[in-house]
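The structure under discussion appears below in the form of structure tokens.
Everything numeric in this text was worked out from a predicted model, so none of it was measured.
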Amino acid sequence: MSETLKNTLLFATVAALIILTGFVQSWNTALFIINMGLISAIMALGVNLQWGFAGLFNVGVMGFVALGGLAVVLVSMPPVGDAWAAGGAQVLIGLALGAATIAGGILTYQKMAPGRNRTLALIGVLGVGFFVFRYVFDAGVEAIEGVNSAGTGYLGGLGLPVLLAWPVGGLLAAGAAWFIGKTALGLRSDYLAIATLGIAEIIIAVLKNEDWLSRGVKNVSGLPRPVPYEIDLQRDPDFVARAEGLGLDPVIASSLYTKLGYALLFLVVLLIVLWLAQRALHSPWGRMMRAIRDNEVAAEAMGKNVTARHLQVFILGSAICGVAGAMMTTLDGQLTPSSYQPLRFTFLVWVMVIVGGSGNNLGSVLGGFLIWFLWVQVEPIGHSLMSVITYGLADDNALRLHLLESAAHMRLLTMGLILLLVLRFSPRGLIPEK
């Protein structure tokens, strides 16, 4: 079987599974899988850029996805005027003082000669700067969070179109990646993994606790959407007439219409990212990155700046994850910091890359759709399977109840089983790197 035919059959199989879902369950479920599959494929492309191209073991995907979600709030939500009046200026001044303290510490360390005086001066600059920063910043935060804390209690955003938040999410993630890369990319791969995971947890902790920024665990809901609201479509006589003309209930038709709108937007982004990733893969830059991945010592001997190239690809991959995070938060319609978990936003994305084929962009897209489909469908399938296995047992039978309750864990078992099977029988993934 030719490689092209094999790849076509793999994608056709995944498409057939999603279409079957539409017929057996509902087209709303099928479109939900498609939309999240598109977003997952973009995340997988970002991780593949880092791991498949450069061999960088980034276990902090969750943090970059969360920064993309934060960008949607900062860009699209309207500003809260009362909060800005109460403490907005103080918070900005406090952040400026914090940045000035860090800059002062760096200058002190660089300009003074090593010794006791430099140490004392550094302690003095950082100590005084920290207390001044906290004094100004905390007062502003307290004032902001005291403004209608149940409804707002944060500064809000810029009130711009939500689609602008997607590239801004990439920029936020790229900025964080630059900071992380400057400090952690010199580490060995296992230490890099620990560092990226730790920094991702710090990002999530900030989102959960800094209410003035993103309302913390109270969440930001009602985010603007790039597609019409279902209720607005249901109130449109023309839309209702068209839906009834097709034999559809207007409520179901409005949901399908909205999800199709999201799917088209997400598809455009995926095609752009995939096209750029393919161009990068087959360019001299892509060949250089793979040469560095395969043998850093030889690449350095040939005059390549390995650390700079690693930083470059780390920023690019993280930016793609940030864009995907902004898209996902737009689809959800709310920012929920507590929902960002390593299992969902790091481990699962890595499974997509490994199963699809590390180093192959098409493999990452396939893995994104396939693994997300299984993640959604395995639990209901597992529940049905347990019902069949326990058929004939009494409703209150202990074994039956235990198996039915365990069906929720089927998705975790399935992900591990698929990963083991692929690593055993196709260690390079379903669509291996050429």
Side-chain angles (χ1 to χ4, degrees), residues 1-17 37-38 40-59 61 188-190 192-193 196 270 273-299 306 309-310 313-314 316-318 320-321 324 345-375 378 412-434:
M1 183 184 297
S2 69
E3 183 179 348
T4 302
L5 179 59
K6 173 196 166 187
N7 296 346
T8 302
L9 287 175
L10 287 171
F11 277 99
T13 301
V14 175
L17 290 172
L38 290 166
S40 299
I42 294 171
M43 291 183 190
L45 283 171
V47 173
N48 185 57
L49 196 65
Q50 297 171 336
W51 173 252
F53 284 30
L56 296 178
F57 192 25
N58 173 20
V59 195
V61 180
R188 214 171 59 195
S189 60
D190 48 352
L192 175 64
T196 52
L270 174 61
V273 173
L274 179 60
W275 179 75
L276 292 173
Q278 286 291 87
R279 290 291 301 270
L281 178 66
H282 299 296
S283 68
W285 179 85
R287 290 190 290 271
M288 175 191 64
M289 292 308 307
R290 282 178 288 174
I292 292 174
R293 176 198 66 190
D294 294 336
N295 195 325
E296 289 187 17
V297 176
V306 172
R309 296 306 180 187
H310 276 172
V313 76
F314 188 71
L316 290 174
S318 301
I320 293 173
C321 291
F345 295 102
T346 296
F347 170 74
L348 199 63
V349 179
W350 270 96
V351 173
M352 294 171 183
V353 174
I354 294 169
V355 169
S358 175
N360 191 307
N361 293 316
L362 290 177
S364 296
V365 174
L366 176 68
F369 278 98
L370 176 61
I371 296 303
W372 178 255
F373 173 84
L374 294 172
W375 182 258
V378 159
L412 302 178
L413 174 65
T414 304
M415 292 301 107
L417 181 62
I418 289 173
L419 190 57
L420 288 173
L421 289 174
V422 169
L423 291 176
R424 171 63 181 85
F425 296 104
S426 183
R428 298 175 61 205
L430 296 176
I431 306 180
E433 179 184 7
K434 295 180 181 179

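Residue Arg290 holds its CZ atom at 8.5 Å from CG of Asp294, rounded to the nearest 0.5 Å. Separation of atoms CG (Asn7) and CG (Asn360) is listed at 7.0 Å; rounding is to 0.5 Å. Rounded to the nearest 0.5 angstrom, Phe373 CZ and Leu17 CG are separated by 4.5 Å. Atoms OG and CZ, on Ser40 and Phe345 in that order, are 9.0 Å from each other to the nearest 0.5 Å. The CG atom of Leu45 sits 8.5 Å away from atom CD of Gln278, with the distance rounded to the nearest 0.5 Å. Taking CG from Leu423 and CD1 from Ile418, the interatomic distance works out to 11.5 Å, rounded to the nearest 0.5 Å.
Heavy-atom minimum distance, Leu49 versus Gly317: CD2-N, 3.7 Å. Scanning all heavy atoms of the two residues, the minimum distance from Thr346 to Val61 falls at OG1-N, 3.7 Å. Residues Ile371 and Met415 come closest through the heavy atom pair CG2-SD, 3.7 Å. Between His310 and Leu56, the closest heavy-atom pair is O-CD1, 3.5 Å. Residues Gly368 and Met352 approach most closely at CA-SD, 3.7 Å, considering heavy atoms. Of all heavy-atom pairs spanning Asn58 and Ser318, the tightest one is ND2-OG, 4.4 Å.
With contacts defined as side-chain heavy-atom distances shorter than 4.5 Å, the pair Leu38/Phe369 qualifies. Within the 4.5 Å cutoff, the side chain of Glu3 has heavy atoms near those of the Lys434 side chain.
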- Test side-chain contact (heavy atoms from CB on, under 4.5 Å) applied to Ile42 and Ile320, step by step: CA-CA 7 Å; Ile42 294 171; Ile320 293 173; 3.6 Å; yes
- Message: Let's go through Leu430 and Leu370 carefully: what are the C-alpha distance in whole Å and the side-chain angles of both, what is the deciding distance for side-chain contact (heavy atoms from CB on, under 4.5 Å) to 0.1 Å, and is it a yes or a no?
- Response: CA-CA 11 Å; Leu430 296 176; Leu370 176 61; 3.8 Å; yes
- Message: Run Trp375 and Val351 through side-chain contact (heavy atoms from CB on, under 4.5 Å) and show every step you take.
- Response: CA-CA 11 Å; Trp375 182 258; Val351 173; over 6 Å; no
- Task: Check the pair Trp372, Val14 against side-chain contact (heavy atoms from CB on, under 4.5 Å), reporting the backbone distance first and the verdict last.
- Result: CA-CA 11 Å; Trp372 178 255; Val14 175; over 6 Å; no
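Under the rule for a salt bridge (charged side-chain N to carboxylate O under 4.0 Å, His left out), the partners of Arg293 that lie at least two apart in sequence or sit in another chain are Glu433.
Ring orientation note: the planes of Trp51 and Trp350 are nearly perpendicular, at an angle over 60° on the 30°/60° scale.
Without hydrogens or angle criteria, Ser426 side chain to Val422 main chain gives no donor-acceptor distance under 3.5 Å. Side-chain N or O atoms of Thr13 include one that pairs as donor or acceptor with a backbone N or O of Leu9 at under 3.5 Å. Side chain of Asn48 to backbone of Ser358: no donor-acceptor contact under 3.5 angstrom is found.
The residue from Leu366, Leu274, Ile431 that alone fulfils the side chain to side chain contact (heavy atoms under 4.5 Å, CB included) condition with Asn361 is Leu274.
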